[in-house]
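In what follows, a structure is listed as structure tokens, so that the remarks can point back to it.
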Amino acid sequence: MAPQKYDFRKIEKKWQNVWKKTEIYKTPDKARGKENLYTSVEFPYPSGNLHTGHWYAFSVPDIYARFKRMCGFNVLFPIGFDSFGLPAENAAIKRGINPRKWTYGNINFMRKQLCSMGASFDWSREVITSDPEYYKWTQWLFLQFFKKGLAYQAETAVNWCPTDKTVLANEQVVDNCCERCGSEIERRRMKQWLIKITDYAERLINDLEKLNWPEEIKEAQKNWIGRSEGAVIEFKIQNSKFKILAFTTRPDTIFGATYMVLAPENSLVKNLESRILNLEEVKRYVEKAGRKTELQRQEEAKDKTGVELKGVKAINPATKEEIPVWVADYVLGSVGTGAIMAVPAHDERDRQFAEKFNLPIVDKPLVGRDEIVKKVGGEKKTQYRLRDWVVSRQRYWGCPIPIVHCSKCGAVPVAEWDLPVKLPPIKDYKPTGDGRSPLAKAEKWVKTKCPKCKSSAERETDTLDTFVDSSWYYLAYLAKNKSRFQIPDSRFKTWMPMDLYSGGVEHTTMHLLYSRFFYKAMHDLGLIPKEVGNEPYAKRLNRGLILGLDGQKMSKSRGNVADPDQYVHELGADSVRMYLAFIGPYNEVGAYPWDPHGILGVHRFLQRVWKLIQNAKIKNQNDNSKLKNNNLERLLHKTIKKVGEDIENFKFNTAISALMILLNEFEKSHELGIKNYEVFLKLLAPFAPHMTEELWQETRNKKQETSIHLESWPKYNPKLIKEDTFTLVIQINGKTRDTVEAPADTTEEEVKKISLGREKVIKHIGFQEPRKIIYIPKRLINIVI
RNA sequence: GCCCGGGUGGCGGAAUGGUAUACGCAAAGGACUUAAAAUCCUUGGCUCCUAACGGGGCUUGUGGGUUCGACUCCCACCUCGGGCACCA
């Protein structure tokens with residue numbers, strides 16, 4: 001007998017326990033007769049507890065994973081925690097707790113919350129980036145990069161966040177502010193570890209082409225990498241061995257180049273000091289420019305400043321004319337060669353500058369690009385906006401950089417057998433702000449022997465950017481034995497590249513770019529078999545955003561947060577999952593407000609599904625699957641088709657609406673048999689896994705010998721989808737005037753006859769002879785008069 | 001400034017050349033109930049004519065175009081969101 005009440009709390013708990021005990025989502029590396037499919041979502045940061053965004057991120061793609069599993073794929077849908085990093089550390093400091101204690105406490109809590117989603121994660125492959133067995137391999141990879149020259153130390157201008165007291169990568173700076181805390185960035189010169197992502201700039205752009213990614217993500221990455229093609233042209237300096245190298249994308253405008261500009265940072269300014277007549281003035285200008293922040297420079301963009309280097313002249317190699325050389329901060333040291341040929345006739349900025357300082361503006365005709373470059377001895381060059389990735393962080397809670405500094409041997413990698421370099425427990429882990437990591441205070445840990453010459457040496461005390469940890473974690477899921485990175489080639493071949501990776505837009509030019517680079521570099525190092533390719537994610541999906549009740553971004557300070565735990569308690573996890581899937585298409589970057597009434601609608605639907613089992617015929621186990629009602633039969637098969645196709649295309653919203661339509665019809669019918677009921681349950685199973693499992697067992701007399709989630713996806717019969725009548729739309733001059741049901745096999749002649757005979761048609765056209773009649777078979781007739 | 005992606009009822013959205021507004025929410029009316037909640041049934045864009053039955057006109061950001069027919073294709077513009085930007 002069917003239970004009277006939909007006791008979702010009891011049911012959900014029950015099945016979560018059963019699934020855990022029976023490990024039905026544990027994924028083997030190979031399953032007989034099944035193709036592997038790897039789909040994953042960016043793993044969560046253990047911030048404390050799951051919010052609505054996490055539910056949207058994980059429970060909706062779970063629908064896809066479950067569907068694919070039912071379709072016969074061996075589906076890997078793993079989960080882990082991105083557990084190193086600033087936010088956890090800041091939260092721990094705020095509460096006076098050790099970051100490790102705080103992080104692992106959160107992980108334990110969030111694991112339970114994740115289980116409450118009823119998502120089909122394979123927990124046996126869980127990855128935690130702050131575990132020594134994980135970061136051992138982060139360090140190992142860093143050393144492989146180091147040995148290949150892909151990781152190097154250099155004194156560079158860096159982005160310093162005064163609040164978080166650490167440097168940041170360019171990608172982590174938004175509008176000159178820290179991406180995390182919003183503080184304005186300071187420019188500092190510091191010795192830092194960098195990763196040579198710029199070596200891969202060209203491939204990171206070119207290889208986008210073959211990826212099945214949304215165009216807008218590709219475009220955003222292209223813009224970030226910022227390729228510009230041009231030439232470097234040499235301008236000799238009169239009576240000097242020095243020359244100015246200028247990068248230009250418009251070599252064809254060279255005849256109009258009437259002066260040169262050097263960036264204040266350009267070393268030529270120093271080299272030419274002995275020849276500059278107004279040296280004091282130039283020095284003052286350079287110094288002043290150096291003190292300006294990037295933001296100030298930008299703000300002053302309209303009002304150009306600069307000083308001429310008196311006594312210095314350059315030769316335009318095209319015109320052979322002598323032209324003046326200036327130093328001005330509208331030319332940036334970090335772009336191109338840090339020097340330009342100024343063409344005021346063609347460039348808006350050069351024109352502004354020329355007008356202000358009365359420099360000549362010549363509008364010379366353009367010349368062919370390629371010849372002229374050759375003629376003046378220039379060289380074609382492609383320039384990228386992308387900068388190398390600064391990975392040093394002056395913070396405690398991160399992966400230690402496995403390097404030892406020796407006064408004789410320099411920076412020496414830690415021996416492989418000494419990995420991992422464990423993060424030492426220290427009392428005072430607060431950031432110092434003096435540019436040194438708190439790890440510097442762990443004196444015993446810092447003091448070590450040089451791996452090369454064995455004399456006393458010091459450990460590197462900076463830690464790695466968290467984005468390094470997350471650049472390879474999708475491979476760690478494949479390494480079943482957690483203490484080894486070595487993944488057999490065969491496993492790479494069966495799982496990589498990942499079939500579908502979904503995540504947030506905010507990672508477009510961060511995690512997504514870094515991990516593509518990592519994968520390529522690992523590929524080049526021979527760590528990944530060639531056949532697998534050099535791109536980690538075959539398909540990418542950026543999900544939208546769930547807004548608060550007021551249509552604003554959810555935040556505690558605004559007080560518009562919808563707490564998923566509360567809704568799970570009140571309406572059940574199945575309702576929350578299904579509502580989030582119903583709210584809008586998942587494959588578009590939209591923003592959907594959480595509507596507490598909307599979720600009630602989905603909950604009502606599930607309540608009605610629950611009651612459907614009371615339909616007397618369902619209990620008759622001897623029923624044959626054919627529905628007597630042809631229309632209902634047809635609708636059932638159409639729904640099987642539509643739900644499958646919609647899930648495949650991440651249109652979960654329209655899949656659910658199709659299920660709603662089917663339920664509406666099922667409720668009206670009194671001849672619904674057990675077979676059709678079971679088909680319906682299967683179609684609903686990916687969306688409402690707990691309820692469908694319970695009802696499934698109910699129809700199977702509680703034998704529990706199977707799970708609905710291990711059943712196969714229903715097949716539709718194309719013959720049964722065909723309609724035997726159609727609604728003929730009758731238009732006059734393109735306006736619908738009448739409709740009529742007609743048998744599917746009605747001929748064109750018959751359709752015309754029927755249409756012209758309709759009362760409404762006669763009323764409109766009288767006895768006029770139609771000028772033209774357009775007939776679209778089984779759809780519409782348009783009578784033109 | 002350059003490059004992407006959008007704009008459809010009161011709201012989330014559906015329809016990618018063929019009846020615009022599926023499905024859901026909210027709303028209104030009704031049934032059940034002492035009452036409420038829950039549940040069920042009915043209505044459904046705007047507007048005009050009609051006492052009513054009915055019927056006409058308009059409507060997918062704006063204006064043009066292509067077409068028998070346009071939310072859908074083309075051109076121009078407005079506007080919102082995102083990426084890049086003194087990038088040479």
Side-chain angles (χ1 to χ4, degrees), chain A residues 174 214-228 230-231 246-251 253 257 261 263 294 297-304 328-332 334-343 346-350 352-353 383-385 505-506 508-509 542 545 547 551 579 582-585 588-602 604-605 607-608 611 651 653-664 667 727-739 760 763 770-785:
Chain A
V174 179
E215 275 311 308
E216 60 266 29
I217 304 180
K218 293 188 189 180
E219 285 302 322
Q221 284 207 353
K222 278 186 203 163
N223 284 345
W224 181 262
I225 298 166
R227 171 156 62 194
S228 52
F247 176 75
T248 176
T249 53
R250 295 293 306 273
T253 63
V261 185
E294 289 276 305
R297 275 202 184 185
Q298 270 175 39
E299 276 163 7
E300 291 163 14
K302 284 151 258 157
D303 191 24
K304 302 262 179 299
D329 68 3
Y330 83 92
V331 172
L332 306 176
S334 57
V335 174
T337 54
I340 61 157
M341 60 174 209
V343 187
H346 281 100
D347 187 283
E348 175 62 23
R349 296 152 303 180
D350 295 346
Q352 281 176 10
F353 191 81
Q383 195 72 40
Y384 297 92
R385 201 199 72 101
V505 236
E506 68 275 18
T508 302
T509 54
N542 277 1
L545 200 67
L547 304 174
Y579 170 60
F582 187 57
I583 204 163
E588 284 172 23
V589 185
Y592 312 107
W594 177 276
D595 175 4
H597 296 290
I599 186 170
L600 267 179
V602 171
R604 264 176 227 148
F605 167 78
Q607 289 281 6
R608 282 162 55 202
K611 282 185 194 154
K651 301 205 165 210
N653 54 336
T654 47
I656 292 171
S657 109
L659 289 169
M660 287 173 167
I661 292 168
L662 186 61
L663 177 68
N664 289 345
E667 281 178 337
T727 307
L728 175 70
V729 173
I730 303 171
Q731 296 187 335
I732 294 164
N733 287 343
K735 278 186 183 162
T736 304
R737 295 298 179 187
D738 200 4
T739 60
K760 286 177 185 167
K763 209 176 118 193
R771 284 211 336 252
K772 202 171 175 185
I773 293 177
I774 287 120
Y775 176 55
I776 308 300
K778 292 191 190 176
R779 244 182 230 284
L780 163 149
I781 183 165
N782 189 8
I783 302 161
V784 186
I785 54 162

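Being a predicted model, the structure only gives us computed values, none of them experimental. Throughout, a chain's letter reflects where its sequence line sits, starting with A, and its residues are numbered from 1.
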Subject >> Contacts of type side chain to side chain contact (heavy atoms under 4.5 Å, CB included), residue A:V335, not counting sequence neighbours >> reply: A:L332
**OP:** In whole angstrom, give me the gap between the C1' atoms of B:C40 and B:G45.
**Re:** 27 Å
**OP:** Determine the contact category for A:T337: base if any of its heavy atoms lies under 4.0 Å from a base atom, sugar-phosphate if only primed atoms, P, OP1 or OP2 are that close, otherwise nothing.
**Re:** nothing
Subject >> For B:C46, the Watson-Crick or wobble counterpart (both distances under 3.5 Å) >> reply: B:G57
Original post:
Tell me: CZ of A:R608 to C1' of B:C41, nearest whole Å?
Top reply: 13 Å
**OP:** Return the set of residues passing salt bridge (Lys or Arg N to Asp or Glu O under 4.0 Å) with A:R604 (not counting sequence neighbours), or none when no residue passes.
**Re:** none
**OP:** Tell me the partner of B:C84, counting only Watson-Crick (N1-N3 plus N6-O4 or O6-N4) or G-U wobble (N1-O2 and O6-N3) with both under 3.5 Å; none if nothing fits.
**Re:** B:G1
**OP:** Name all residues meeting the side chain to side chain donor-acceptor pair (under 3.5 Å) criterion together with A:Q352; count only those two or more places apart in sequence or in a different chain, and write none if there are none.
**Re:** A:K304, A:E348
**OP:** Under 4.0 Å between any heavy atoms, over every strand shown, what does A:R604 touch: base, sugar-phosphate, or nothing? Just pick one.
**Re:** sugar-phosphate
Subject >> Length of the line joining A:L663:CG and B:C23:P, which is rounded to integer Å >> reply: 13 Å
Subject >> Residues that A:F605 engages under ring-ring contact (aromatic ring centres under 6.0 Å, His included), provided they are two or more places apart >> reply: none
Original post:
Which nucleotide, in any strand shown, forms a Watson-Crick or G-U wobble pair with B:A20, with both distances under 3.5 Å?
Top reply: none
**OP:** Output all residues satisfying ring-ring contact (aromatic ring centres under 6.0 Å, His included) with A:Y330, sequence neighbours left out; order by chain, then residue number.
**Re:** A:F353
Subject >> Partner set under salt bridge (Lys or Arg N to Asp or Glu O under 4.0 Å) for A:R385, not counting sequence neighbours >> reply: none
Subject >> Interatomic distance, A:I785 CD1 vs B:G69 P [rounded to whole Å] >> reply: 14 Å
Subject >> Side chain of A:R385 - closest among B:A85, B:C87, B:A22 >> reply: B:A85
Original post:
Starting at CD of A:E348 and ending at P of B:C2, how long is that distance when rounded to a whole Å?
Top reply: 13 Å
**OP:** Keeping to residues at least two apart or across chains, list the side-chain hydrogen bond (donor to acceptor under 3.5 Å, both in side chains) pairs with something in residues 772-785 of chain A.
**Re:** none
Subject >> Of the listed nucleotides B:G57, B:A88, B:U19, the one nearest the side chain of A:K735 >> reply: B:G57
Subject >> Residues touching RNA chain B, which here means a heavy atom under 4.0 Å, drawn from residues 214-221 of chain A >> reply: A:E216, A:E219, A:A220
**OP:** Please report, rounded to the nearest Å, how far the C1' atom of B:U39 is from the CZ atom of A:F605.
**Re:** 17 Å
**OP:** Quick one: label A:D350 by what it contacts on the DNA or RNA (base, sugar-phosphate, nothing), any heavy atom closer than 4.0 Å.
**Re:** nothing
**OP:** Take atom C1' in B:U19 and the same atom in B:A70, then report the distance between them in whole Å.
**Re:** 14 Å
Original post:
By side chain to side chain donor-acceptor pair (under 3.5 Å), which residues pair with A:D595, not counting sequence neighbours?
Top reply: none
Original post:
If you check the A:T736 side chain, which of B:G57, B:C3, B:A20 turns out closest?
Top reply: B:A20
Tabulate atom names and distances for all N/O pairs under 3.5 angstrom spanning the protein and nucleotides 65-68 of chain B.
residue	atom	partner	partner atom	Å
B:C68	OP1	A:K772	NZ	3.2
B:C68	O2'	A:N782	ND2	3.1
B:C68	O2	A:N782	ND2	2.6

**OP:** Please confirm whether any donor atom in the side chain of A:K222 sits under 3.5 Å from an acceptor in the base of B:C84, or the reverse.
**Re:** no
Subject >> Validation row: A:T253, A:M341 side chains within 4.5 angstrom (heavy atoms) >> reply: yes
**OP:** Measure from the side chain of A:K611, starting at C-beta and using heavy atoms only, and say which of B:C87, B:U39, B:G83 lies closest.
**Re:** B:U39
Original post:
So do A:T736 and A:Q731 actually touch side chain to side chain, heavy atoms under 4.5 Å?
Top reply: yes
Original post:
Residues in salt bridge (Lys or Arg N to Asp or Glu O under 4.0 Å) with A:K222, at least two apart?
Top reply: A:E219
**OP:** Have a look at A:V331 and say if it touches a base, only the backbone sugar-phosphate, or nothing, with a 4.0 Å heavy-atom cut-off.
**Re:** base
Original post:
If you measure from the C1' atom in B:G7 to the same atom in B:C71, how many Å do you get, rounded?
Top reply: 11 Å
**OP:** Using a 4.0 Å heavy-atom cut-off across all strands, classify A:K778 as base, sugar-phosphate, or nothing.
**Re:** nothing
**OP:** Sort out the partner of B:A76 for me: Watson-Crick or G-U wobble, both distances under 3.5 Å, none otherwise.
**Re:** B:U62
Collect all protein-nucleotide pairs involving nucleotides 12-15 of chain B in which both atoms are nitrogen or oxygen and the distance is under 3.5 Å.
residue	atom	partner	partner atom	Å
B:G12	O2'	A:I583	O	2.5
B:G13	O3'	A:N653	ND2	3.3
B:A14	OP1	A:N653	ND2	3.0

Subject >> Any strand: nucleotide that pairs with B:G9 via Watson-Crick or wobble, under 3.5 Å >> reply: none
Original post:
Is there a Watson-Crick or G-U wobble partner for B:U39 with both distances under 3.5 Å, and if so, which one is it?
Top reply: B:A31
**OP:** Using the side chain to side chain contact (heavy atoms under 4.5 Å, CB included) rule, take A:R771 and A:V784 through it: C-alpha gap first, then chi angles, then the decisive distance, then the call.
**Re:** CA-CA 6 Å; A:R771 284 211 336 252; A:V784 186; 4.2 Å; yes
